[in-house]
Each structure stands twice: as C-alpha cells, then as structure tokens.
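Everything below concerns the one structure shown next.
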Protein chains: 2
Amino acid sequence: MKRKITLKDIAKELDVSISTVSKALKNSNEIGFDTREKVQAFAKLYNYKPNNIAVSLQNSRTKHIALFIPEIVHDFFTTVLKGVEEVAHKNGYNVLVCVSNESFEKEVLSMEMFARGGIVDGFIISLSKETQLKEDYNHLIEIENQGMPLVMIDRITDKVISDKVIVDDMRGSYTAISHLINQGRKRIALITTEDYISVGSLRKKGYKKALADHDIELDERLILTINNIEDSDKAIEKFIRETTFDAVMGVNDVFAVVAMKALQNQGKKIPEDVAIIGFSDGKLLKYAAPTISAVNQHGDEMGKAAAQMLIDRLESDKEAENYKTTVITTTLIEREST
Amino acid sequence: MKRKITLKDIAKELDVSISTVSKALKNSNEIGFDTREKVQAFAKLYNYKPNNIAVSLQNSRTKHIALFIPEIVHDFFTTVLKGVEEVAHKNGYNVLVCVSNESFEKEVLSMEMFARGGIVDGFIISLSKETQLKEDYNHLIEIENQGMPLVMIDRITDKVISDKVIVDDMRGSYTAISHLINQGRKRIALITTEDYISVGSLRKKGYKKALADHDIELDERLILTINNIEDSDKAIEKFIRETTFDAVMGVNDVFAVVAMKALQNQGKKIPEDVAIIGFSDGKLLKYAAPTISAVNQHGDEMGKAAAQMLIDRLESDKEAENYKTTVITTTLIEREST
DNA sequence: TTGTATGCGTTATCAC
DNA sequence: GTGATAACGCATACAA
C-alpha cells in the first residue's frame, strides 16, 4: 500500500515547515517566490493532493450530499439521480445514493447515520411510500434542527418546511386530460395510486378539475386505485375487462403500458378506440407500440434544480429561512397513442 | 446550526476525561461499571454518534466505495447500482455514484480525485466507451498501485489485473442463438455495437459460434454494427428495410425493441415472421407488445457480487493478489417474441 | 519570509 | 479505574 504523500512528507523532504508548504501550495504571497516554486514543483512531481478527510475535519464540511430515492428501478428517479449528479460534480460535490426501497425504517436509519455521523453536508430526498403513509416526518425535522439543509423532491410533504422541487403534477394531469377531452374523448379513465402518495393525489385532482371544467360528470367507477404494486398488472387487466371508456391516463409509465397491452388483447385499437397517456420521461412509453403520449416530468431538470438549491444553501452563510419551492413545468409529449 | 455533540462535551458535562468517555462508550472493562452506565446513558440521551470524519482520519478508512457507471439511463446499470447499494449498506459502507457519461476524461478525473483525496476506500467500475476505445487504463493501474482495491464489472479489460465480475456474455448469446436455431430459424440477424465494447464483441462471438456449431454459414450482411448510438434508430430501420431474416438478436434492450417496431411497421408478424431476442433485465422488453424474450444479465446479482468482492478485499488484511473473476450466469427469459 | 502552536474529534498508548 | 498525551493531515493565528 503506497502511502499517500502528505504535507509533512514534502516539508521534510524540502526541509521547510509544514505550514510553509501549506501556504506555498495555496500560492500565498506570505511565502517567498522561490520557496513557492520549489514546493509547488515538488508537489506536482509527486502528485500531491490534500487529504479530504483532514480538510473535512478541519472545516466540518464533507462536500458530500446524500440523495434518497424510494426506488431506483424507475426511470423517473434514475433521471433525477443523473441531474443531481451532474450539478453536484460540477460544483465539486459528491453524491451518496441511498435507495430507501419505499421503507420508512431504512429512510430513517440511513438519514440519521448520514446526519449525525457528519457524513454529508445536506440532503435531497424523495419520500418513501411508507413514510408518506405513516406521516411521520420526525427524521426530516431533526435534520433541519441540526441545521442541515434539506431539499425535498417530487414526493414531498407539507408538514415539513424546507426547500422543495416539484413538478406541476396537477397542472400536468389537467393539461393531459383536457387534451383528451378536446380530442372528443368522453369517458376518460384514470389509473392511479392511493391518495397518500402526494403526486398521485395531485394528479387525480388535476383529472377531476379537467373533467369539471369541461362539464363532464365524474364517474368514480372510471378511477382505478392501485394499492398493491405487486399485482397491479392483474388489477389493471380486471379493470379494463369490466369497464368501458375511450381514453385512459396512468399516473406513471407502467400503468399506461400495462393498460395498453390489456386493451390490445381485448382487440381494441389504439388510439382509435381508446387513447392512452402516461407520466414518464423514460423509454418505456417512447418505445411502446404504438408509442404512448406522456406527461414529461423532466426528472433531470428536477434533479439539477434540487442539487443547485441545496448547494446554494450550503455555500451561503445566511441563516436560511425563506424556503423556496421550485416548480418544474411538465410538458405534454404527443405520440401515437392520442 | 445546532453543533453536534462530541466526546469532549460529554466529558466536560460528566466531569471525566475524554478518554474515559471514549472507552466507556466502547464498553471497555477498563472503565468502572458506574461510569460506563453514566456515560452511556448520557450519550444515548443526547443521541451521541461518533464523528465519522474524525474516525476516518484516525484509521484512514472512509467506509465509502465509489461506483462508476458509464450511463445511468440504462436499466442494466440501474440494477447494478441497486445491487451494489444493497450489499454496501448491509456491510456499513456507503456508495458514491459517478456517472462517467461514457467520457474518458470524467472517468479519469473523478477517479483520481476519489483516490488521491482519500474519499473512498475502493472502486467498482464499468468502463466508459471512450476508455475502451482508447485502451488507456493508466488511471486504473494507478489506483491499484496505490493499493486501493478495484473491481471491474461488465465492461472490463484484460489489460488490467484485478477482481472482476462479468456475465457469461458469449455463452448467453450462444444460448439465445442456439435457441432460435432449434426453433427452425435459418437467417438470424445481429444488431450489435462496435468491437471495442467488450461485451458487444463477446456477444458477437457467441453468435458466430452458435451459427458455426449448427452448420449455418455466417453471412456478414446479417450483422449490423451501430457506431453512433444517437441515430441507432434510423440505422436499424434502414437495416431492416434492406435485409431479410427470420430472427434477430439485439445486444441490448433498445436495439431489440426498435427492431421490433421497424419490423411491425413493415407488416411483419412477431414471432411468426421474425423472432426477436434482446439483452436486458429491465422493463422495456417485458412490457413490449408482444413481450420480447431476453438474455437476462442479472445486473443486481452482478452488483451484489462486485460489492461483496470489494468489501472482502477491504476487510481482509492479506496483501491481495490471486484476483478472482466472478462469472454470473445469464438466463434466457422466453417471452412471446420467440 | 518562515516557523510554531493549536485545534478539528477520535483512538490508542502509557502513566498514574 | 482513570486521565494525560500523541497522532491522524491540514489550516491558521500568531511569533519570530
């Protein structure tokens, strides 16, 4: 194990003091030109890099940020990660990823360990399903009490005051449904998640508002609420067998694509018989046959925005407050299914 | 900013020395029972957690590992990340993710910074395309020279000696093609990447060997090499327009699904007219219509294996050597397209 | 212009 | 049993 070279090593080798080396490497003009040259040359030669740990201990900042996502195998969160990583690296920060797997416990334990251990400087989190169900946000509040910046993204809660990045879920949904209505669709179904999932509930609201604004009566039988993701496929198939409609929106990509398959199996033509729209920025809808229209959430933009907000907090010495909520605008991607 | 509580704080509060507190918290029986109780109670009350940075500085181990992936918006790497994260956390390690974006430069710079800065204890890496093209692996060799463990995964190189986790690409491809042949397919096309991508070239080998072993003459015109991922869609469509075959394998999920769509647009029935098979563990093939058969690479297993190998190296004090290559077996998932 | 001393929070060694 | 001290690698206030 080739030990890493330290200031001390350079100092000894060049027969100067450690602090001289330290200053020389910072090009401080406290140090004579010759010494500076000499030290810098030597450091370059031996490829000296300051030990991050020591620097961190010194100023108690790790230059690491944590990103908590509920589930990685989900195009949306993947793009969020990509966005976060990009902005973080650009600003000299590293990203620690924690996949909560929708588990409250993992979210809480990991968060506490990251926070109290001084492992990261701040957090970006998209809440786990379980957390949203329990409505227990003490771990987040605790983070803030410790003075650590926190940015919530996508799956958020109003119970915690912090910076937030969301998408205009309600509006996106509203626009999509309006689009379907304007195309002449009358009976529009919705496949959604249970209400405790913040985004699902907002999308349902947008759906309802669009219907109301266009004087279409709400028919609760056209709304399918998936409570168990495991057998969502079966639930959707059953729903489609038993319900008739001429358009359907899924609050994510899988719901939309599963619905389409079920409809096709029933001999329905897409989009002639039934129009379909989903939520996603991923490949699933883009490569479906026919391609499926989507409300694009711009996960990468959200990730970038969140990272930037967090870093701004970290770099500013103001005592925080005046928390902001950034709303990323969804865009409707029209494809063959509508 | 509520300062975090330290040993010193506890010591002062309880009027004992810092080292007493330190030992008491470790339940050392050097310390009297009463003092231990008292200290531990106090620590629990104030939720004391040792400062990781200080501990790291002490023993020069961060308990962080870096995962380098070329591209995150790719189901395979996503599942790898999931696997790595799971095993890492189980063993008390955190995962720093770096997305190289297929860029040699980003790979090298990030790697050096992680290594020389003492930010992580070890690396798991899947090489960027550019790195494989340049065949410049000095950064990896440098890592090893510094005595830091390195595990290469999936996109690897023989030029660097280290622990490796791969999938039996050649065999997976061989099995898939043989399967097609046994079904009576005669003209089997292959959509692949350029040879410098290690896995692409292996999959092509498996393809060729399967043909040879079944006495089918190789027709180079049935092989499409995608050199620019950007316009792969167009290249595939053109290929399909100009070439006739009764089966096709794509070396990833996108190639397979794009091929299917192009074929369907031509009025071909899947699988009656043309059988299709892809490489992937993601949703894209699973939710296609018809569902597409796949060589499952088990990204999560690979990730888990890689993380375990790395951690084993880190926790063992042996002077390394005897590097291992773990081969994860692919499995053929038969779906509707074959 | 350079060097000394101190501290960041721990752990470990050694003395009391 | 308990505590003082040094050390990890660096930065910085303060001497010289």
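Everything numeric here is computed off the predicted structure, so don't read it as measured data. A, B, ... follow the sequence lines: proteins, then strands. Residue 1 opens every chain. No hydrogens, no waters, no symmetry mates; every other heavy atom, side chains included, goes into these values.
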Does A:Arg155 pair with A:Glu102 as a salt bridge, N-O distance under 4.0 Å?
yes
Nearest-Å distance for atom pair CG/C1', residues A:Asn29 and C:dT2
14 Å
A:Lys63: what forms a side chain to side chain contact (heavy atoms under 4.5 Å, CB included) with it, not counting sequence neighbours?
A:Tyr93, A:Glu315
Looking only at non-hydrogen atoms, find the nearest pair between B:Gly122 and B:Leu310 and report the distance.
C-CD2, 3.9 Å
Output all residues satisfying side chain to side chain contact (heavy atoms under 4.5 Å, CB included) with B:Lys164, sequence neighbours left out; order by chain, then residue number.
B:Met152, B:Ile156, B:Asp158, B:Ser162, B:Thr325
Rounded to whole Å, the CG-C1' distance (A:Leu57 to C:dT6) equals 13 Å
End-to-end axis angle, where each axis spans five pairs of the helix from C:dT1-D:dA16 to C:dC16-D:dG1, to 10°:
60°
B:His74: partners by ring-ring contact (aromatic ring centres under 6.0 Å, His included), with sequence neighbours left out:
B:Phe77
For a quick test of reading the model, state the closest non-hydrogen atom pair linking B:Cys98 to B:Phe114 and the distance between them.
CB-CE1, 4.1 Å
Compare side-chain N and O positions of A:Ser17 against OP1 and OP2 of C:dG3 and report whether any pair is under 4.0 Å apart.
yes
Classify the nucleic acid contact of A:Leu7 as base, sugar-phosphate or nothing, counting any heavy atom under 4.0 Å across all strands shown.
sugar-phosphate
Quick one, which residues of residues 32-48 of chain A touch DNA chain C with a heavy atom under 4.0 Å?
A:Gly32, A:Thr35
What contact category does B:Thr6 fall into here, base, sugar-phosphate, or nothing, at under 4.0 angstrom with non-hydrogen atoms?
sugar-phosphate
Check whether the side chains of B:Asp300 and B:Thr79 place a donor and an acceptor atom closer than 3.5 Å, and report yes or no.
no
Starting at CG of B:Asn51 and ending at C1' of C:dG9, how long is that distance when rounded to a whole Å?
6 Å
What's the CD1-P distance between B:Ile18 and C:dT13, to the nearest Å?
18 Å
Polar atoms only, N or O, under 3.5 Å: list the protein pairs with nucleotides 14-16 of chain C and their distances.
none

Once you round it to whole Å, what is the distance between C1' of C:dT6 and CD of A:Gln58?
10 Å
Rounded off to whole Å, could you give me the CD1-to-P distance for the B:Ile10 and C:dG9 pair?
13 Å
Using the ring-ring contact (aromatic ring centres under 6.0 Å, His included) criterion, which residues pair with B:His139? Sequence neighbours excluded.
B:Phe104
For chain A, the stretch of DNA chain D it reaches, first to last nucleotide, under 4.0 Å of its heavy atoms:
D:dC8 to D:dC14
Note: B:Glu86-B:Lys82 ion pair, threshold 4.0 Å (strictly below)
no
In whole Å, I'd like the distance from the CD1 atom of B:Ile53 to the P atom of C:dT11.
14 Å
Partners passing salt bridge (Lys or Arg N to Asp or Glu O under 4.0 Å) against B:Glu107 (at least two apart in sequence or in another chain):
none
Just by distance, no angles: are the side chains of A:Thr157 and A:Glu135 close enough, under 3.5 Å, to form a donor-acceptor pair?
no
B:Glu30: which residues meet the salt bridge (Lys or Arg N to Asp or Glu O under 4.0 Å) condition with it, sequence neighbours left out?
B:Lys23
Only counting residues at least two apart or in another chain, list the ones meeting salt bridge (Lys or Arg N to Asp or Glu O under 4.0 Å) with B:Arg116.
B:Glu142
Which donor-acceptor pairs under 3.5 Å do side chains of residues 44-54 of chain B form with protein atoms, sequence neighbours excluded?
| from | atom 1 | to | atom 2 | distance (Å) |
| --- | --- | --- | --- | --- |
| B:Asn51 | OD1 | B:Ile53 | N | 2.7 |
| B:Asn51 | OD1 | B:Ala54 | N | 3.3 |

